[in-house]
Every structure is written in C-alpha cells, then in structure tokens.
Amino acid sequence: MSEGRKIIADNRKARFNYFVEESYECGIELQGTEVKSVKTGAVSFPDGFAEIKRNEVWVRNFHISEYSYSSVFNHDPERPKKLLLHKEEIKRISRKVEEKGYTLIPLDIYLKNGRVKMTLGVCKGKKLFDKRDTIKDRDLQRETQREIAKEMRG
C-alpha cells in the first residue's frame with residue numbers, strides 16, 4: 001500500500017466477473033456531503049459501470065448514501081458522478097470500449113492524500129468456464145496456504 005492511500009471500498013465482484021485489461025486512476029466530482037459519506041465508507045457499487053458521453057466519463061449505479069449528520073440540503077444518492085480524467089486517457093479508453101465486449105467497471109474507491117479517487121478498469125466479461133477456473137485456482141491457492149501453515153506448525 002503506497003503512502004497516503006486508504007482503500008474505502010473494493011469491488012471484488014468485478015474481478016470475479018471480468019478480466020481487467022487496463023486500469024486508470026481517476027478523480028470523482030462530488031457534491032457537498034458526498035465527500036463525508038465516502039469518508040465514512042457509505043458507498044456501494046456492485047453493479048456499477050461507467051460510460052463515455054460527449055468526451056466525459058460518467059459512473060452509474062454508484063450509490064453514495066446520504067450523510068446522516070447533515071441538514072435538509074443533502075445529495076441525491078443515485079446521481080451519476082463525473083469522473084476526472086485527461087483528454088488523452090478518455091480518447092484511449094473510448095477506442096478500447098468501442099471494441100466488442102469491453103466495458104468500464106469501477107474497481108475500487110480510495111482516499112489519496114485526502115482526495116477521493118477511483119480505479120476504473122477496462123474489462124472484458126468472463127464466460128462461465130472462466131469463472132469456474134477462477135474458483136478452482138482460488139481453492140488450490142487456499143489449500144497450498146493451509147499446507148504451508150500446517151508444515152510450519154510442525
């Protein structure tokens with residue numbers, strides 16, 4: 001873990017359902033109480049995705065719960081959020097997404113030096129047999145770790 005980086009939420013489901021080809025670090029344009037809600041960890045994005053509209057990247061199905069200690073001027077939890085990327089990165093991502101089968105998936109959200117950042121992955125969907133291979137590899141890894149721990153104990 002690098003200096004000044006605190007992971008708030010990780011989208012493990014995305015890594016199971018998709019092959020991550022590339023990943024990009026991007027900022028998020030948030031309003032008022034959204035930042036406080038994110039810092040408390042009140043985010044949910046299991047079926048979130050991003051799309052490119054008019055050379056801007058927007059993340060959808062990214063839920064930030066309302067901040068409980070605020071007044072009546074609270075934010076809309078389901079509002080689409082704009083992601084902050086360089087123009088060249090957006091062009092590169094849009095060329096990749098135009099290929100068949102690629103989509104933009106938020107992989108994790110974290111704080112970096114006090115700023116809210118998101119890792120956006122250019123992903124390709126897995127087939128059922130790929131998911132089975134992932135489960136099998138994970139189980140084998142778990143078994144080898146158990147065997148190593150058993151050998152270390154004696």
Side-chain angles (χ1 to χ4, degrees), residues 1-30 33-52 57-69 75 77-78 80-86 88-154:
M1 194 146 111
S2 65
E3 192 67 32
R5 181 177 159 139
K6 178 185 173 191
I7 294 180
I8 296 169
D10 188 28
N11 193 354
R12 294 187 314 226
K13 195 173 188 180
R15 297 189 193 278
F16 179 73
N17 290 330
Y18 299 96
F19 292 115
V20 179
E21 302 286 326
E22 297 177 30
S23 61
Y24 295 92
E25 177 184 71
C26 51
I28 308 173
E29 190 176 271
L30 298 175
T33 56
E34 285 179 331
V35 177
K36 291 182 179 185
S37 291
V38 168
K39 287 185 178 183
T40 60
V43 295
S44 173
F45 54 103
D47 55 344
F49 66 96
E51 60 186 356
I52 300 173
V57 182
W58 295 85
V59 66
R60 306 248 183 215
N61 293 344
F62 181 68
H63 181 86
I64 299 176
S65 298
E66 291 184 354
Y67 188 61
S68 59
Y69 300 108
H75 63 274
E78 295 295 326
K81 284 98 179 146
K82 183 178 176 182
L83 298 180
L84 307 173
L85 289 158
H86 293 283
E88 292 300 318
E89 287 178 327
I90 294 173
K91 287 178 186 176
R92 194 176 320 128
I93 290 170
S94 66
R95 282 194 299 269
K96 190 74 170 178
V97 170
E98 286 172 0
E99 293 179 29
K100 185 179 179 192
Y102 285 98
T103 186
L104 296 173
I105 304 292
L107 300 176
D108 60 358
I109 186 166
Y110 56 93
L111 291 173
K112 184 176 180 181
N113 298 325
R115 307 227 171 164
V116 179
K117 302 280 186 176
M118 177 184 282
T119 304
L120 190 67
V122 178
C123 303
K124 189 166 190 159
K126 286 185 181 179
K127 304 287 186 209
L128 183 61
F129 60 87
D130 292 329
K131 292 179 186 179
R132 288 184 188 140
D133 287 342
T134 303
I135 292 170
K136 188 168 101 177
D137 291 343
R138 186 176 57 210
D139 290 344
L140 285 172
Q141 184 71 22
R142 191 177 298 137
E143 285 297 321
T144 56
Q145 290 297 325
R146 284 183 186 150
E147 291 295 323
I148 291 171
K150 189 176 181 182
E151 290 294 323
M152 296 297 260
R153 283 183 292 211

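Residues: numbered from 1 along the sequence shown.
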Exercise. Would you mind listing every salt bridge (charged side-chain N to carboxylate O under 4.0 Å, His left out) that reaches into residues 59-68, with sequence neighbours excluded?
Key: Glu51-Arg60
Exercise. Sequence neighbours left out, what passes side-chain contact (heavy atoms from CB on, under 4.5 Å) with Ser23? Give chain and number order.
Key: Leu107, Thr119
Quiz item: Less than 4.5 Å apart, any side-chain heavy atom of Asp130 and any of Lys127?
Solution: yes
Self-check item: Residue list, side-chain contact (heavy atoms from CB on, under 4.5 Å) with Glu29, at least two apart or on another chain
Solution: Lys82, Leu84
Self-check item: Nearest non-hydrogen partners of Tyr110 and Glu25, listed with the distance
Solution: OH-OE2, 2.6 Å
Quiz prompt | Shortest non-hydrogen contact from Ser65 toward Ser37 | solution = O-OG, 2.8 Å
Quiz item: If every non-hydrogen atom of Gly121 is compared with every non-hydrogen atom of Val20, which pair is closest and at what distance?
Solution: CA-CG1, 4.5 Å
Practice problem: Using the test side-chain contact (heavy atoms from CB on, under 4.5 Å), find all partners of Val97 that sit at least two apart in sequence or belong to another chain. | Solution: Ile93, Leu104
Quiz prompt | Contacts of type salt bridge (charged side-chain N to carboxylate O under 4.0 Å, His left out), residue Arg138, not counting sequence neighbours | solution = none
Self-check item: Counterpart residues, salt bridge (charged side-chain N to carboxylate O under 4.0 Å, His left out), relative to Glu147 (two or more places apart)
Solution: none
Exercise. Quick one: list whatever passes ring-ring contact (aromatic ring centres under 6.0 Å, His included) with Tyr67, sequence neighbours left out.
Key: Tyr69
Quiz item: So Asp108 and Arg5, salt bridge (charged side-chain N to carboxylate O under 4.0 Å, His left out) or not? Walk me through it.
Solution: CA-CA 12 Å; Asp108 60 358; Arg5 181 177 159 139; 3.4 Å; yes
Quiz item: Who pairs with Lys150 by side-chain contact (heavy atoms from CB on, under 4.5 Å), at least two apart in sequence or on another chain?
Solution: Arg153
Practice problem: For atom NZ of Lys39, decide whether the heavy atoms of other residues, nucleotides or ligands shown that lie under 6.0 angstrom number more than 12. | Solution: no
Exercise. Find out whether Ile105 and Leu120 are in side-chain contact, i.e. whether some heavy atom of one side chain is under 4.5 Å from a heavy atom of the other.
Key: no
Self-check item: Qualifying residues under side chain to side chain donor-acceptor pair (under 3.5 Å), relative to Glu22, sequence neighbours excluded
Solution: Tyr24
Self-check item: Heavy-atom closest contact (Ile109 atom, Val38 atom, distance)
Solution: CD1-CG1, 4.1 Å
Practice problem: Could you list all the salt bridge (charged side-chain N to carboxylate O under 4.0 Å, His left out) pairs where at least one residue sits in residues 89-102, not counting sequence neighbours? | Solution: Glu88-Lys91
Practice problem: Could you check if a side-chain atom of Ile28 sits within less than 4.5 angstrom of a side-chain atom of Glu34, using non-hydrogen atoms only? | Solution: no
Quiz item: Any idea which heavy atoms bring Asn61 and Asp47 closest together, and the distance?
Solution: ND2-O, 3.4 Å
Practice problem: Kindly compute the distance separating CG (Asp133) from CG (Leu128), expressed to the nearest 0.5 Å. | Solution: 10.0 Å
Contacts under 3.5 angstrom, residues 7-18 side chains, donor-acceptor by atom type, not counting sequence neighbours:
| unit_1 | atom_1 | unit_2 | atom_2 | d |
| --- | --- | --- | --- | --- |
| Asn11 | OD1 | Ala14 | N | 3.3 |
| Asn11 | ND2 | Phe45 | O | 3.3 |
| Asn11 | ND2 | Pro106 | O | 3.0 |
| Asn17 | OD1 | Lys131 | NZ | 3.3 |
| Asn17 | ND2 | Lys13 | O | 3.4 |

Quiz item: Got a second to check how far Lys36's NZ is from Leu30's CG, nearest 0.5 Å?
Solution: 13.5 Å
Exercise. Using the test salt bridge (charged side-chain N to carboxylate O under 4.0 Å, His left out), find all partners of Asp139 that sit at least two apart in sequence or belong to another chain.
Key: Arg142
